[in-house]
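In what follows, a single structure is set out as structure tokens and then discussed.
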Amino acid sequence: MASNDELPRIVVLISGSGSNLQALIDATQTPRKLQAKIVGVISNRQKAYGLQRAQQAGIPTETVSLKKFKDQGKTREDFDESVATLIHTMQPDLIVLAGWMHILSPTFLAHFPNNVMNLHPALPGQFDGAHAIERAFEAYQQGRISETGIMVHKVIADVDRGQVILQQPIPILPDDTLETLEDRIHKEEHKIIVQGAQVFLDELACQL
Ligand code: GAR
């Protein structure tokens, strides 16, 4: 087995609760699940609970603020450039967006064209962007869909698009409420984000 220093390095970007970050942390502590170490967690919200999860696991954290940049008369591109610079200092092999609710511009992706993975609570091409689960539940109630899903995909400039790494349909049940559907989706996300990160890392290793 690889020593800790030889393990692939993951940086995780979050905005909220960080339950998917927790799944990644737990999986790195069980090497057969995810052979990697999380070397940094970055949040664009100071109050994100995921920051506490990282700190409890002894992972360095950083908070970044688009608002601060804008208040200083700087642009969204300036912000993305500074996030990229920060991430470079952490020397990641893979960057995982785990509930990161900020659209990364081409400026950012020029730094990391090939190694950013996003988790999204919908099937490819459906319900891009925020509130995907609510919108899927609404579509179900209107009889427009019978199932939804989750996916992990490579990040490109188009929001929640890019080559799919793994996807999984999730049925919507007649007695589902938004809460029960969300719970079922989150439980499955906690597995697919770990599996997807390992698949992506294996793929990147093959390209070396
Ligand atoms: C997850 O459901 C994730 O799929 C979603 O944010 C949630 C974060 O939960 N991401 C998106 O909607 C991206 N477009 P968490 O903070 O508990 O991991």
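Please read these numbers as outputs of a predicted model, since none were measured by experiment.
- Judged purely by distance below 3.5 Å, without hydrogens or angles, the side chains of Asp80 and Thr107 never pair a donor atom with an acceptor atom.
- Residues Ile38 and Ile25 are in side-chain contact: their nearest non-hydrogen atoms beyond the backbone lie under 4.5 Å apart.
- In this structure, the side chains of Ile165 and Met117 come closer than 4.5 Å at one or more pairs of heavy atoms.
- Using a 4.5 Å cut-off between side-chain heavy atoms of Ile, Leu, Val, Met, Phe, Trp and Tyr, with links allowed through other members, Leu123 and Val152 fall into different hydrophobic clusters.
- Between the side chains of Asn118 and His153, at least one donor-acceptor pair of N or O atoms lies under 3.5 Å.
- Each of Leu34, Leu201, Asp202, Leu94 was evaluated against Pro8; a single residue qualifies, Leu201, per the side chain to side chain contact (heavy atoms under 4.5 Å, CB included) test.
- For the residue pair Arg76 and His102, a side-chain donor N or O sits within less than 3.5 Å of a side-chain acceptor on the partner.
- No donor-acceptor distance shorter than 3.5 angstrom exists from the side chain of Ser43 to the backbone of Ala48, with no hydrogens or angles considered.
- In terms of modelled atom types and a separation under 3.5 Å, the side chain of Thr85 and the main chain of Glu81 share a donor-acceptor contact.
- A salt bridge between Arg184 and Glu179 is absent, with no side-chain N of the basic residue lying under 4.0 Å from a carboxylate O of the acidic one.
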Would Thr63 and Arg45 satisfy side-chain contact (heavy atoms from CB on, under 4.5 Å), going step by step from the backbone distance to the final call?
CA-CA 7 Å; Thr63 304; Arg45 294 197 185 131; over 6 Å; no
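- The shortest heavy-atom contact between Ala136 and Thr148 is CB-OG1, 3.6 Å.
- Other residues, nucleotides and ligands contribute only 12 or fewer heavy atoms inside 6.0 Å of the CD atom of Gln46.
- Put simply, CZ on Phe200 and CG on Asp93 are 11.0 Å apart, with the number rounded to the nearest 0.5 Å.
- Tested against Asp71 for a salt bridge (Lys or Arg N to Asp or Glu O under 4.0 Å), the candidates Lys68, Lys74, Lys67 yield a single pass: Lys67.
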Step by step, would you call Met151 with Leu166 a side-chain contact (heavy atoms from CB on, under 4.5 Å)?
CA-CA 6 Å; Met151 66 166 163; Leu166 294 172; over 6 Å; no
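- Taking hydrophobic clusters as Ile, Leu, Val, Met, Phe, Trp and Tyr residues chained together by side-chain heavy-atom distances below 4.5 Å, Leu204 shares a cluster with Val12.
- Nearest heavy-atom pair across Phe127 and Ala132 is O-CB, 3.4 Å.
- Proximity of Leu178 to Glu134: side-chain heavy atoms (C-beta onward) are separated by under 4.5 Å at one or more points.
- Put simply, CD1 on Ile170 and CG on Leu173 are 10.5 Å apart, with the number rounded to the nearest 0.5 Å.
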Criterion side-chain contact (heavy atoms from CB on, under 4.5 Å) on Leu24 and Ile193, from CA distance to verdict:
CA-CA 7 Å; Leu24 290 166; Ile193 195 168; 4.0 Å; yes
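- Summarising the geometry of Val194 relative to Ala23, their closest heavy-atom pair is CG2-O, 3.6 Å, with the distance given to 0.1 Å.
- Here the side chains of Ile59 and Lys37 are not in contact, with every heavy-atom distance at 4.5 Å or above.
- Under 3.5 Å, the side chains of His190 and Ser19 contain a donor-acceptor pair of N or O atoms.
- Between Lys33 and Asp26 there is no salt bridge, since no side-chain N of the basic residue sits under 4.0 Å from a carboxylate O of the acidic one.
- To the nearest 0.5 Å, atoms CD (Gln52) and OG (Ser17) are separated by 10.5 Å.
- With contacts defined as side-chain heavy-atom distances shorter than 4.5 Å, the pair Glu203/Lys154 qualifies.
- One side chain, Glu188 or Gln168, offers a donor N or O that lies under 3.5 Å from an acceptor on the other.
- A donor-acceptor pair under 3.5 Å links the side-chain atoms of Arg9 to the main chain of Gln91, judged by distance alone.
- Separation of the His88 and His111 ring centroids falls under the 6.0 Å cut-off.
- A salt bridge does not link Arg135 to Glu138: none of the charged side-chain nitrogens sits closer than 4.0 Å to a carboxylate oxygen.
- Linking Ile, Leu, Val, Met, Phe, Trp and Tyr residues whenever their side-chain heavy atoms come within less than 4.5 Å places Ile145 and Phe137 in a single cluster.
- Note that CG of Asn20 and NZ of Lys191 are 12.5 Å apart. Values are rounded to the nearest 0.5 Å.
- Residue Leu13 shares its hydrophobic cluster (ILVMFWY side chains chained together at separations under 4.5 Å) with Val11, Val39, Ile42, Val64, Leu66, Phe69, Phe79, Val83, Leu86, Ile87, Met90, Ile95, Leu97, Trp100, Leu104, Phe108, Leu109, Phe112, Val116, Val155.
- A donor-acceptor contact closer than 3.5 angstrom links the side chains of Thr75 and Asp78.
- Residues Pro121 and Ile150 approach most closely at CA-CG2, 4.0 Å, considering heavy atoms.
- To the nearest 0.5 Å, atoms NE2 (His120) and CD (Gln126) are separated by 9.0 Å.
- Here the CG atom belonging to Leu119 is positioned 12.0 Å from the CG atom belonging to Leu21, to the nearest 0.5 angstrom.
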Take Ser65 and Lys70 through the test side-chain contact (heavy atoms from CB on, under 4.5 Å) and record every step on the way to the result.
CA-CA 9 Å; Ser65 163; Lys70 290 217 161 148; over 6 Å; no
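- Contact check for Leu7 versus Thr28: no side-chain heavy atoms found under the 4.5 Å cut-off.
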